Protein chains: 2
Amino acid sequence: MKKYAALLKRTKLFSGVGENDILSMLHCLNAQVREYNKGEYAFRQGEYIRSLMILAVGRLHIQKEDYWGNLNILNEIRPGEMFGEAYIVPNSGTLMNDVVAIEESVVLFFDIDRILTVCSSACPFHTQLIKNIFYTISDKNKSLVQKISYMSQRSTREKLLSYLSDEAKRHNSNSFSIPFNRQQLADFLSVDRSAMSNELSRLRNEGMLDFHKNEFTLREL
Amino acid sequence: MKKYAALLKRTKLFSGVGENDILSMLHCLNAQVREYNKGEYAFRQGEYIRSLMILAVGRLHIQKEDYWGNLNILNEIRPGEMFGEAYIVPNSGTLMNDVVAIEESVVLFFDIDRILTVCSSACPFHTQLIKNIFYTISDKNKSLVQKISYMSQRSTREKLLSYLSDEAKRHNSNSFSIPFNRQQLADFLSVDRSAMSNELSRLRNEGMLDFHKNEFTLREL
DNA sequence: AAAATTCTGTTGTATTTACAACGAAAGCAG
DNA sequence: CTGCTTTCGTTGTAAATACAACAGAATTTT
């Protein structure tokens with residue numbers, strides 16, 4: 001467990017907490033370690049979750065199988081990322097998705113009840129922890145809403161323009177770089193990569209924007 | 001204001017707080033009441049929000065309209081539900097969506113600063129309040145993720161199937177009713193209404209499901 | 001009860017997208 | 001440098017979608 005302290009220090013959950021304090025908190029939070037083989041299910045749809053998890057090693061897929069058996073990958077979890085935080089709520093119902101290790105993985109479990117119940121003197125960083133989760137969820141909330149606003153655009157062109165113009169706003173400049181390659185951007189916007197590449201070229205030909213690799217520049221018309 | 005105490009007692013925000021305590025907290029939180037006619041905007045995109053709201057009566061849609069008038073319903077608020085809580089975080093910027101009353105509605109406003117500043121002895125339930133907000137954000141997070149999982153499907157057919165499949169799971173039955181009419185469902189899934197109607201008919205002809213108005217039944221194949 | 005409005009399914013057409021396939025460019029490994 | 005892999009833009013075709021328009025049903029208003 002000790003060996004994960006350095007990793008944990010860099011996570012959003014333990015942001016602002018020193019390594020030593022983290023170690024003492026791990027006991028307080030009743031932290032557990034579990035390992036999963038490649039292909040093994042960490043959780044299945046319908047299970048109750050009473051822990052907050054952080055992936056220490058490996059890679060997980062959050063995926064879903066529908067009524068007729070079609071599979072869909074919703075999210076990929078990488079080391080240091082937290083998951084299950086949306087299930088902290090009491091009576092939040094059962095998990096709607098499956099969580100599968102797509103590599104040999106190590107997951108840290110933190111008891112939800114111990115996170116929520118502040119143990120007065122023992123853990124001075126407990127309120128910090130709750131605050132961190134609160135901010136993380138709140139941030140995530142907003143970025144989810146933003147993503148939805150891109151995805152709700154009907155055409156690939158409009159999805160691109162709404163995303164890129166938001167990025168321009170965010171960078172306060174009409175030139176900026178994006179954190180995605182083409183395939184990732186296509187996945188993020190839920191469109192076909194080649195169709196998107198096509199649309200990007202068209203936008204460039206029309207003089208609306210310019211790009212080299214991940215560097216984009218929006219042009220006035 | 002007093003007449004809403006019974007309602008508030010059953011809300012997530014005041015969960016675990018008695019009616020008498022709620023009444024004394026209303027003053028502490030500087031609670032205000034505002035009424036909206038059907039179709040009236042409670043908030044518009046770009047406004048600053050410094051309150052936490054609870055819908056007392058009626059129905060609200062949190063929605064976004066793009067340049068060409070395509071509407072996307074992000075969420076439907078029903079009596080007792082809280083909204084605006086994601087903007088509690090400092091420096092969270094302006095509202096990204098519109099909030100519209102789709103029925104004659106009554107909204108209660110609570111001063112955010114008074115919520116965040118715990119007034120020690122005065123309000124013994126203040127920490128409970130913050131905890132409750134935390135839970136609510138967490139819940140919304142979950143439903144946003146669900147919505148994204150529907151919208152990320154490439155075709156209208158897949159969007160419908162993933163949504164309906166989830167509703168069946170949620171109701172624990174292959175028969176259930178949905179809270180949308182056709183246009184609202186189309187907006188929720190960000191697809192064209194007529195194309196969606198078309199697809200629904202096709203799915204029915206193929207024997208995958210059945211529906212009458214808002215009542216749906218999924219069929220094994 | 002009648003009139004007006006909203007809701008829903010259906011059709012046809014123009015447009016857009018998905019998909020597969022390919023070659024060029026870029027990045028990486030030996 | 002050479003071979004291998006990944007990324008990217010492009011093309012053509014099949015499939016799906018958006019859009020407009022309309023009529024019948026259902027609902028609301030008068």
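Remember, predicted model here, so these are calculated numbers, not experimental data.
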Q: A/S15 side chain to A/K12 main-chain N or O, any donor-acceptor pair under 3.5 Å?
A: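 It does not hold such a pair.
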
Q: How are the rings of B/F109 and B/F43 set relative to one another: parallel (under 30°), tilted (30 to 60°) or perpendicular (over 60°)?
A: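 Tilted.
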
Q: Checking side chain to side chain contact (heavy atoms under 4.5 Å, CB included) against B/M208, which of B/L164, B/L203, B/L218, B/L160 comes through?
A: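 Result: among B/L164, B/L203, B/L218, B/L160, B/L203 is the only option passing the side chain to side chain contact (heavy atoms under 4.5 Å, CB included) with B/M208.
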
Q: If the cut-off is 4.0 Å, is B/T156 near the phosphate of D/dT17, judged by side-chain N/O to OP1 or OP2?
A: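 Result: yes.
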
Q: Please check the phosphate of D/dA16 (OP1 and OP2 only) for any side-chain N or O of B/R157 closer than 4.0 Å.
A: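 Answer no for this pair, as no side-chain N or O of B/R157 is under 4.0 Å from OP1 or OP2.
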
Q: Side-chain N or O of A/K213 versus OP1/OP2 of C/dA25: is the shortest distance under 4.0 Å?
A: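 It does not, given that no N or O in the side chain of A/K213 lies less than 4.0 Å from OP1 or OP2 of C/dA25.
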
Q: For DNA chain D, whose closest nucleotide is more 5', that of B/R193 or that of B/K38?
A: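 Comparing both residues, the 5'-ward one is B/R193.
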
Q: Let's test your reading of the model: under 3.5 Å, does the base of D/dG9 pair with the side chain of A/R204 as donor and acceptor?
A: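 Check fails, no donor-acceptor contact within cut-off.
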
Q: Between A/S190 and B/F211, which is nearer to the 5' end of DNA chain C once each is assigned its nearest nucleotide?
A: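 Nearest-nucleotide comparison on DNA chain C picks B/F211.
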
Q: Does D/dG9 have OP1 or OP2 under 4.0 Å away from a side-chain N or O of A/S201?
A: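 No, A/S201 has no side-chain N/O under 4.0 Å of OP1/OP2 on D/dG9.
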
Q: When you measure from the side-chain N and O atoms of B/R182 to the phosphate of C/dG9, is any distance below 4.0 Å, counting only OP1 and OP2?
A: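 So the side chain of B/R182 is within the cut-off, an N or O lying under 4.0 Å from OP1 or OP2 of C/dG9.
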
Q: For the residue pair B/K159 and B/F188, would you count it as a cation-pi contact if the rule is NZ or CZ under 6.0 angstrom from the ring centre and within 45 degrees of the ring axis?
A: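 No.
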
Q: Is any side-chain N or O of A/N198 closer than 4.0 Å to OP1 or OP2 of D/dT10?
A: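 Checking A/N198 against D/dT10: no side-chain N or O falls below 4.0 Å of OP1 or OP2.
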
